[in-house]
There are 2 protein chains.
Amino acid sequence: MSKDANGSLEVMQNVADNLRRARLEQGYSQELLASRAGISRRMLVNIEAGESNASIATVDKLASALGLSFVEVVRPPSLADKAQALPLRIWQGEQADSHASLLESVLKPGVTLELWRWQLAAGDSYHAEADAPGCHEVLYVLQGSLQVQLVQQSHTLQAGQSLTFASDQVYSYHNRGAVACAFTKNILIYPHVGQNPEQ
Amino acid sequence: MSKDANGSLEVMQNVADNLRRARLEQGYSQELLASRAGISRRMLVNIEAGESNASIATVDKLASALGLSFVEVVRPPSLADKAQALPLRIWQGEQADSHASLLESVLKPGVTLELWRWQLAAGDSYHAEADAPGCHEVLYVLQGSLQVQLVQQSHTLQAGQSLTFASDQVYSYHNRGAVACAFTKNILIYPHVGQNPEQ
DNA sequence: GTGTGCTGTGAAATATAATGCACAAATTAC
DNA sequence: GTAATTTGTGCATTATATTTCACAGCACAC
């Protein structure tokens, strides 16, 4: 149930914050919003103070009066509108045309998603260790062709083709073509599986 | 406020449906869930029937007892659920150069990752509804330039640049350049957390 | 058939959400 | 400075959410 120091629920605090922010953004006074929502100002004061255990209907009235959906009023602050300016880790192969960079990384409780930009020089290859259990990679070839060698099978992709595979096993990339191969790669990582993100 | 035929709120019906589904998935009886949540069975019956205007606290107790977050109990059925049914969806804009296809879809308990290939003709744009709560998109521009308009901010990306943003809000893509814009897009979806060992 | 567990319904009692009003404190405008 | 507006607080009253029973229907097992 996760209460805060004052004994009020996390959800209530979210409702309080979201409502107040939206109300001020739209330039409403408590008086005006309350009347438009059809509730008493007293109630609105309590809710915005996080001191009221409002009913679904009451919160919904306020959401509507502000032109918001119920969920928008209720949801916790999202950790990421952070349009991150690239952290950028890099792997650099022996050939100049072979390298990889981490473009984006989405961190959520229980899951991580990374977006990588890869490039392999003609004839070059890359041997990877097994990722953590449960990991998946999603490849999308931008240019050239790429052979992905898994334990029991291999796939060859041309530009515009994609592939999903479990990366919790050894695998390798091979560029057997005559031109450099470029591709994007997403890694879906599970720190722990089968857990409830009780936040 | 959007009521349904029976005069009950949409939100209430969502709560009702989500709770009942989760409860059955986890094999709880009303009796058991009610006692674990610390509320009366009578109340649970009413809520599941969509006939009760419950308070935030009551819904939160039930959410916790089921190992769900408040938002998961409250939210409307998401497009994510439908996405799982369809193998390959395609959007075709009015102009020939504007279209989107679903290339890959990774389904794991609690998370879905989709890889999309998008293209917008010069001057074209696309307005999207909000995705399910908690959703994130990761864009990577292959060609041309793309403006991503969020509620409170907008970003312009050139080829080779990427962007991560929370897509549980309305947003839109604009190609303000003179050439077609191509980009890949990953969606990280949190459908539900109903991980049940049995069933 | 009987017994058992799960689910819906009714009604009275209780807890509490929600209202309305009066008033103080802070803020802004003049 | 005063006046006007907005916001927070206390309290009695009303509305209703929530509880606690008791009972009926329904399925399934023995």
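Note that the structure is predicted; figures quoted are calculated from it, not measured. No hydrogens, no waters, no symmetry mates; every other heavy atom, side chains included, goes into these values. Letters A, B, ... are given to chains in the order of the sequence lines, protein chains preceding strands, and every chain is numbered from 1.
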My understanding is that only residues two or more places apart in sequence, or in another chain, count here; which of them pass side-chain contact (heavy atoms from CB on, under 4.5 Å) with Ser98(B)?
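side-chain contact (heavy atoms from CB on, under 4.5 Å) list for Ser98(B), sorted by chain: Trp91(B), Gln95(B), Leu120(B), Ala121(B), Asp124(B).
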Just to verify, what does Ala16(B) make a side-chain contact (heavy atoms from CB on, under 4.5 Å) with, not counting sequence neighbours?
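Result, side-chain contact (heavy atoms from CB on, under 4.5 Å) vs Ala16(B): Gln13(B).
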Kindly state which residues belonging to residues 21-29 of chain A come within less than 4.0 angstrom of DNA chain C, counting heavy atoms of the residue only, listed by number.
none
Tell me, please, which residues at least two apart from [X] pass ring-ring contact (aromatic ring centres under 6.0 Å, His included).
{"X": "His174(B)", "value": "His127(B)"}
{"X": "Phe165(A)", "value": "Tyr171(A)"}
{"X": "Phe70(B)", "value": "none"}

Residue pair Met43(B) / Ser52(B), side-chain heavy-atom distance below 4.5 Å:
yes
Side chains of Ser172(B) and Ser125(B), heavy atoms from C-beta outward: is any pair under 4.5 Å?
no
In whole angstrom, what separates [X]'s [atom1] from [N]'s [atom2]?
{"X": "Leu62(B)", "N": "dA17(D)", "atom1": "CG", "atom2": "P", "result": "16 Å"}
{"X": "Glu48(B)", "N": "dC6(C)", "atom1": "CD", "atom2": "P", "result": "14 Å"}
{"X": "Gln30(A)", "N": "dT6(D)", "atom1": "CD", "atom2": "P", "result": "10 Å"}

Expected string for nucleotides 24-30 of chain D under the B/S/- scheme (protein heavy atoms, under 4.0 Å, primed atoms plus P, OP1, OP2 as sugar-phosphate) is -------
For nucleotides 11-30 of chain C, just jot down a letter per nucleotide in 5' to 3' order: B, S or -, based on protein non-hydrogen atoms under 4.0 Å.
B-----SSBBB---------
For the helix from dT7(C)-dA24(D) to dC30(C)-dG1(D), what angle separates the axis at the start from the axis at the finish, each from five pairs, in steps of 10°?
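It comes to 50° between the two terminal axes.
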For the student: nearest non-hydrogen atoms of Ser167(B) and His136(B), plus distance
OG-N, 3.8 Å
For [range], pull every pair meeting salt bridge (Lys or Arg N to Asp or Glu O under 4.0 Å), keeping only residues two or more places apart or in separate chains.
{"range": "residues 139-153 of chain A", "answer": "none"}
{"range": "residues 16-26 of chain A", "answer": "Arg20(A)-Glu48(A), Arg23(A)-Glu48(A)"}
{"range": "residues 133-149 of chain B", "answer": "Glu137(B)-Lys185(B)"}

Check for a donor-acceptor pair, side chain of Asp60(A) on one end and backbone N or O of Ser64(A) on the other, with a separation under 3.5 Å.
no
Please state whether the rings of Tyr126(A) and Tyr173(A) are parallel, tilted or perpendicular, taking 30° and 60° as the class boundaries.
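Geometry flag for Tyr173(A) against Tyr126(A): parallel rings.
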